Amino acid sequence: TATDDRGNPRSASFGVTVQFVAPHTASAMWLDPVGGGGSTYEANPGRTIPVKVRLFVDRDERTSGDASLRLTPCGDGTSMDLALAWGGGRWNHSLDTSILSATCYKVTATIDGLTAGSFTLLLEGSESAKTNSKPVTSR
């Protein structure tokens, strides 16, 4: 109800529809070499790991957007974010483990601010044997 400058009231009504919009969900499909066996991936320190992942938001595959890897030390420490690049039908990053100081990291893929999935990276063995890497399901 409203009243004009002369005191004349007017009333009207209208319907309002409230629609719930569910939060977006993201998921990751890790590809070889990381995706072969489970939630933990072992590699020798100093090795460059080709991280390849397909990212989905609300079940639709994303081929553009702000995609990255967040590496968080398993114990205490500072996280680092590394950009993922789209190419070859997937998101990619060549992870140079020689820049990492810890031996255990949680590696998390994100797309447009949404957490898509993660795995644990264990750096074990000697730096000279850079070809030894394997996905494992448990430790």
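Residue numbers count from 1 along this sequence. The shown structure was predicted, so the numbers you read here are calculated from the model rather than taken from an experiment.
In this structure a side-chain-to-backbone donor-acceptor pair under 3.5 Å is present from Asp96 to Ser98. Of the possible donor and acceptor atoms, none in the side chain of Thr97 sits under 3.5 Å from a partner among the backbone N and O of Thr48. Looking at Lys52, its side chain never comes within 3.5 Å of a backbone N or O of Pro33 through a donor-acceptor pair.
Here the straight-line distance linking atom CH2 of Trp91 with atom CG of Leu31 works out to 13.5 Å at 0.5 Å rounding. Rounding to the nearest 0.5 Å gives a distance of 9.5 Å between CG of Leu121 and OG1 of Thr103. To the nearest 0.5 angstrom, Leu100 atom CG is 5.5 Å from Met80 atom CE. Taking NE2 of His24 as the start and CD1 of Ile111 as the end, the distance is 12.0 Å to the nearest 0.5 Å. Cys104 contributes atom SG, which lies 5.0 Å from atom CG of Leu122 (distance to the nearest 0.5 angstrom). Separation of atoms CG (Asp58) and CG (Leu114) is listed at 8.0 Å; rounding is to 0.5 Å.
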Any chance you could lay out the side chain to side chain contact (heavy atoms under 4.5 Å, CB included) test for Leu82 and Leu71, step after step, and finish with the verdict?
-> CA-CA 8 Å; Leu82 305 169; Leu71 278 70; 3.7 Å; yes
Could you walk me through whether Asp112 and Val57 pass side chain to side chain contact (heavy atoms under 4.5 Å, CB included), step by step?
-> CA-CA 9 Å; Asp112 295 333; Val57 175; 5.7 Å; no
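Shown here are the side-chain hydrogen bond (donor to acceptor under 3.5 Å, both in side chains) partners of Thr1, two or more places apart in sequence or in another chain: Ser11.
Annotation for Arg62 and Trp86: closest pair O-CZ3, 3.8 Å, computed over non-hydrogen atoms. Nearest heavy-atom pair, Thr120 versus Cys74, reported as atom, atom and distance to 0.1 Å: CG2-SG, 4.2 Å. Heavy-atom minimum distance, Leu55 versus Ala116: CD2-CB, 3.8 Å. Residues Arg47 and Tyr41 share a closest heavy-atom pair of NH1-OH, 3.2 Å. Considering all non-hydrogen atoms of both residues, Trp30 and Ala109 come closest at CH2-CB, 3.6 Å. Between Glu124 and Pro45, the shortest heavy-atom distance links the atoms O-CD, 3.4 Å.
Under the 4.5 Å side-chain criterion, counting only non-hydrogen atoms from C-beta, Thr72 is not in contact with Thr108.
Side chains of Asn92 and Arg90: a donor-acceptor N/O pair is present below 3.5 angstrom, by distance only.
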